[in-house]
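The structure appears right after this line, and notes come after that.
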Amino acid sequence: MSHFSTGRHIPYGGEPIVDATDALGVIALAVSPDPGPGETIVIVLDAERCGHTILVVGGTDHPDALLEVADMIAATAPTHQHAMSIVIASVRPGHALEPADIDRWLEASDRLARAGAELVEWFVISGTACVDAMCPRDLLGEPPRWDVR
């Protein structure tokens, strides 16, 4: 996975992640140099959208692994003081966004919402860099969720 350069400051822990560019900058720092068959990266944000935790889950090569990761986050969100908003990236080398990802986006969003957390964004990274990221939300025509309340 190559480095993702935005020309902007990449937020550090405790700094707000205000948009997809910020999130992808942080994700690029967390992606394994060789993600193997796939990995899932989770950024946990507080109410002000400041990042506090990054979780990297390896071996998530099946597209439905997103739902397993969402369930894991949902199970811990009520006890995690900063788990107000979640950003997820599924690194799927060689596998593009697929139509079923719309249903996965909706299901993961619902599972996290039931736990009191908002799925702000889900990126599917299919190539060798975060610039190859796409959002299943876009396939649905749903507007971005980056506006801080």
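Not measured: the values here are computed from a predicted model.
Closest approach of G14 to C50, counting heavy atoms only: O-SG, 3.3 Å. Across all their heavy atoms, V120 and S85 have their closest contact at CG2-CB, 3.5 Å. When all heavy atoms of A108 and L119 are compared, the pair lying nearest together is CB-CD2, 4.0 Å. The two residues V56 and A30 come nearest to each other via the heavy atoms CG2-O, 3.9 Å. Taking all atoms of both residues into account, the shortest heavy-atom contact from P136 to M134 is CD-O, 3.8 Å. Between A23 and I43 the shortest heavy-atom distance is O-CD1, 4.0 Å.
Considering I86, T40, D101 in turn, D101 is the only one that fulfils the side chain to side chain contact (heavy atoms under 4.5 Å, CB included) rule with W122. Looking at I54, L24, I27 one by one, the single match for side chain to side chain contact (heavy atoms under 4.5 Å, CB included) with V87 turns out to be I27. For the side chain to side chain contact (heavy atoms under 4.5 Å, CB included) with I88, the qualifying choice from I41, L66, V124 is L66, the only one to do so. Of the candidates E118, R145, E142, R145 is the only one forming a side chain to side chain donor-acceptor pair (under 3.5 Å) with S109.
Under the rule for a side chain to side chain donor-acceptor pair (under 3.5 Å), the partners of D71 that lie at least two apart in sequence or sit in another chain are R111.
Inter-residue side-chain proximity for L112 and I73 is flagged as met; some heavy-atom pair is nearer than 4.5 Å. Within the 4.5 Å cutoff, no side-chain heavy atoms of L97 are placed close to those of S126. With a 4.5 Å cut-off on side-chain heavy atoms, W146 and V18 do not count as touching. You'll find the side chain of C135 reaches within 4.5 Å of the side chain of E121, heavy atoms only. Side-chain contact between M72 and L55: present, with at least one pair of heavy atoms (C-beta onward) separated by less than 4.5 Å. Looking at V44 and H52, their side chains never come closer than 4.5 Å, going by heavy atoms from C-beta outward. Annotation: side chain of P63 is in contact with side chain of R104 (closest heavy-atom distance under 4.5 Å).
Between the E39 side chain and the S32 main chain, a donor and an acceptor come within less than 3.5 Å of each other.
Here the straight-line distance linking atom CG of L45 with atom CD1 of I17 works out to 5.0 Å at 0.5 Å rounding. Summarising the geometry, atom NE2 belonging to H62 is positioned 12.0 Å from atom OG belonging to S90; distances are rounded to the nearest 0.5 Å. Y12 OH to I10 CD1: the interatomic distance, rounded to the nearest 0.5 Å, is 8.0 Å.
H9 and E15 share a donor-acceptor pair across their side chains, judged by distance under 3.5 Å alone.
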